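All remarks here apply to the structure that follows.
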There are 2 protein chains.
Amino acid sequence: MDNKTILVVDDELKIRILLKDFLIREGFNVIESSDGRHALETFQSSHKSIDLVLLDVMLPEYDGWTVCREIRKLSDVPIIMLTARSDDFDEVHGFEIGADDYVKKPIRPTALVARINAFFRRMDKGNQESKVLSFDGLEIDDSSHVVKVNNKEVVLSPKEYVLLLILVESKGQTISREQLLNRVWGYDYFGGLRTVDTHINRLRIKLGEKDYLITTIRGFGYRFEG
Amino acid sequence: MDNKTILVVDDELKIRILLKDFLIREGFNVIESSDGRHALETFQSSHKSIDLVLLDVMLPEYDGWTVCREIRKLSDVPIIMLTARSDDFDEVHGFEIGADDYVKKPIRPTALVARINAFFRRMDKGNQESKVLSFDGLEIDDSSHVVKVNNKEVVLSPKEYVLLLILVESKGQTISREQLLNRVWGYDYFGGLRTVDTHINRLRIKLGEKDYLITTIRGFGYRFEG
DNA sequence: AAGTTTTGTTACAGTTTTGTCAACAATCCT
DNA sequence: AGGATTGTTGACAAAACTGTAACAAAACTT
């Protein structure tokens, strides 16, 4: 497999260096950029050879959102946003603008690399296929976050959407409440397990007649039927 | 057998004890070390059996960074650094050295354990194969928890499912009621042995015509015929 | 700042699961 | 055969699990 090239955009030299080192150690090629304007120029001049963009939100010249939007006008390259704190980040905002994923600082290198690899794996898998998952009567367009039941759009809240996505991504497998808490709410969330039930319930209501797609496996968790 | 072993390196006795107790309670094996030199020796002598290293930055003899670097020369074991200060220098330094994650003091044990678990989960996600056990007419898909008899799904209760799984995993061997109580109900369960009989009975009923797969070994226990 | 949506938690009722018992059946032993 | 031991099965109450509604806090909109 030939090496992928990643464009790293961050104004902090230290972070840039450490990301570069880590990515190179993982076998990627790295192009660096320290501000928004330069990043855009770099991308314009050589976007054919860039396979993924790591983009800090806070940048001089243009901020990360702007850079993201501009890049989107040129290309569908995967963009992963790096956010300093969770406060100043709005996930929905990020998705609307066209980012494919986001990673909160402080960055955990292995996690980041796992995420990057996941992207490339997904891309290699079906470059032709659109990112629309669909099962009998249920459609999930992951790029636009639109969910349809019998061709009618259903509006899901963020948590509901992620919950559904997690279930669908491991369809056929039973996932415990603990796992769902970890994957939807995060590994550092310590709320009660009943919370999952409630959200499953809300999700089912919104799925309407297709609610049977989410099965309860008593004593174990939930499962999406593919 | 499934237990992961964690090497805890910290010079403060209190913290070491705190971490050890917590980790052991969570089902990990723990090896301790109080200074850098000893940690390295320990790791060199038994790094085959160490699955993760918790490493304090400030240590006598060698400091945490040095220990980290040396361990990296030997192995790719995940390393989580415990840092007292939260300024960027530590993190950058850590990235360069090759640590996988950071946890800032003061440590919240539950959060730390969650992080460790997240790590292990991600790691053995790679070598996770959906194992489907199947015998004439009986199928057990452990990832989805679906059991089929003659291609027809059979719904088992949690206890029934685990019971069946235990039996199947040691097929051909006779397992005593005591062993079944231990492995299905847990080491700290003190119920009567008859309980096993009842559940075997219920299991057989649900297995229908395939009930002969579970044989009674009079005076000893039960056996699954593979 | 007020109103709306999302989210986490709790409470409770309906259902399933579970443990235990006791009667009954089968097997073993002398 | 007869008694003793062991296994099976049905009944039933206790415990556990889940779905749902209600409510309050938090986040987001306008």
Side-chain angles (χ1 to χ4, degrees), chain A residues 83 85-96 145 147 153-167 174-178 180-186 188-208 211-223, chain B residues 145 147 154-167 174-186 188-208 211-224:
Chain A
T83 80
R85 293 175 304 152
S86 56
D87 314 328
D88 62 13
F89 183 75
D90 176 353
E91 186 177 339
V92 177
H93 187 205
F95 281 120
E96 278 172 1
H145 270 217
V147 175
E153 181 166 346
V154 173
V155 180
L156 300 185
S157 80
K159 280 278 185 294
E160 285 157 8
Y161 182 82
V162 178
L163 183 57
L164 178 60
L165 208 60
I166 297 284
L167 284 169
T174 299
I175 310 184
S176 70
R177 286 163 228 275
E178 285 87 351
L180 288 172
L181 271 188
N182 274 330
R183 298 181 59 184
V184 178
W185 279 261
D188 51 357
Y189 178 78
F190 295 102
L193 293 178
R194 321 269 72 233
T195 297
V196 179
D197 299 40
T198 301
H199 281 266
I200 289 282
N201 181 237
R202 288 170 181 154
L203 192 49
R204 278 176 174 155
I205 290 173
K206 292 198 179 175
L207 293 187
D211 57 357
Y212 60 83
L213 285 170
I214 299 176
T215 314
T216 304
I217 310 299
R218 199 169 234 271
F220 290 104
Y222 297 95
R223 183 177 68 205
Chain B
H145 279 226
V147 175
V154 173
V155 179
L156 300 186
S157 81
K159 281 279 185 294
E160 285 157 9
Y161 182 84
V162 177
L163 183 57
L164 177 60
L165 210 59
I166 296 285
L167 283 168
T174 300
I175 309 184
S176 70
R177 293 175 171 74
E178 285 88 350
Q179 281 178 300
L180 287 172
L181 272 187
N182 275 333
R183 298 182 61 184
V184 178
W185 278 261
D188 49 356
Y189 179 77
F190 297 104
L193 292 178
R194 311 279 90 215
T195 296
V196 178
D197 299 38
T198 301
H199 280 268
I200 290 283
N201 180 31
R202 288 170 180 155
L203 192 50
R204 278 176 174 155
I205 290 173
K206 292 197 179 174
L207 292 188
D211 57 357
Y212 60 82
L213 285 169
I214 298 177
T215 315
T216 304
I217 310 300
R218 200 184 169 80
F220 291 102
Y222 298 96
R223 183 176 67 203
F224 185 88

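Since this is a predicted model, take the numbers as computed values, not measurements.
At whole-Å resolution of the value, CG in A:Leu193 and P in C:dT9 are 10 Å apart. Regarding A:Leu163, its CG atom lies at a distance of 14 Å from the C1' atom of C:dG8, rounded to whole Å. Whole-Å rounding puts the B:Ile214 CD1 to D:dG7 P distance at 15 Å. At whole-Å resolution of the value, NZ in A:Lys159 and P in D:dA26 are 15 Å apart. Summarising the geometry, the separation between CG on A:Asp211 and P on D:dT18 is reported as 17 Å, rounded to the nearest angstrom. Taking atom CG of residue B:Leu203 and atom P of nucleotide C:dT17, one finds them 13 Å apart after rounding to whole Å. Between B:Ile200 atom CD1 and D:dG10 atom P the separation is 16 Å, expressed in whole Å. To the nearest angstrom, C1' of C:dG8 lies 7 Å from NE2 of A:His199.
Between B:His199 and B:Trp185, the ring-plane angle classifies as perpendicular under the 30° and 60° cut-offs.
Nearest heavy-atom pair across B:Leu193 and B:Glu178 is CD1-OE2, 3.7 Å.
Proximity of B:Asn201 to the phosphate of D:dT9: a side-chain N or O atom is located under 4.0 Å from OP1 or OP2. For A:Trp185 and C:dT7, the shortest distance from a side-chain N or O to OP1 or OP2 is not below 4.0 Å. For A:Thr216 and D:dG19, the shortest distance from a side-chain N or O to OP1 or OP2 is below 4.0 Å.
The side chain of A:Tyr222 sits closest to D:dG19 out of C:dG19, C:dT9, D:dG19. With distances taken from any side-chain atom of A:Tyr189 to the nucleotides D:dT8, C:dT6, C:dG8, the minimum falls on C:dG8.
For B:Arg202, the salt bridge (Lys or Arg N to Asp or Glu O under 4.0 Å) criterion is met by no residue, not counting sequence neighbours. For A:Thr215, the side-chain hydrogen bond (donor to acceptor under 3.5 Å, both in side chains) partners at least two apart in sequence or on another chain are A:Glu225. Listed by chain and number, the residues in a salt bridge (Lys or Arg N to Asp or Glu O under 4.0 Å) with B:Lys159 amount to none (sequence neighbours excluded). For A:Tyr212, the side-chain hydrogen bond (donor to acceptor under 3.5 Å, both in side chains) partners are A:Asp136, A:Lys210, not counting sequence neighbours. When the side-chain hydrogen bond (donor to acceptor under 3.5 Å, both in side chains) test is applied to B:Thr198, no partner is found at least two apart in sequence or on another chain. With sequence neighbours excluded, the residues satisfying salt bridge (Lys or Arg N to Asp or Glu O under 4.0 Å) with A:Arg177 are A:Asp197. Partners of B:Phe190 by side chain to side chain contact (heavy atoms under 4.5 Å, CB included), not counting sequence neighbours: none found.
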Given the rule that a pair is Watson-Crick or G-U wobble with both distances under 3.5 Å, how would you write DNA chain D in dot-bracket, using | for pairs to a different strand?
||||||||||||||||||||||||||||||
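The environment of CZ in B:Phe220 is sparse: at most 12 heavy-atom neighbours from other residues, nucleotides or ligands sit within 6.0 Å.
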In 5'-to-3' order, the base (B), backbone-only (S) or no-contact (-) status of each nucleotide in nucleotides 21-30 of chain C, using a 4.0 angstrom heavy-atom cut-off, is B----BBS--
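Residue-level contact check: B:Phe190 touches neither bases nor backbone, having no heavy atom under 4.0 Å from any strand. At a threshold of 4.0 angstrom between heavy atoms, the contacts of A:Tyr161 with the nucleic acid are absent. B:Ser157 comes within contact range of the sugar-phosphate backbone alone, with a heavy-atom separation under 4.0 Å but no base atom that close.
Side-chain atoms of A:Arg177 and base atoms of D:dG19 include no donor and acceptor less than 3.5 Å apart.
Nearest-nucleotide positions on DNA chain D for B:Asp197 and B:Arg202 put B:Asp197 closer to the 5' end.
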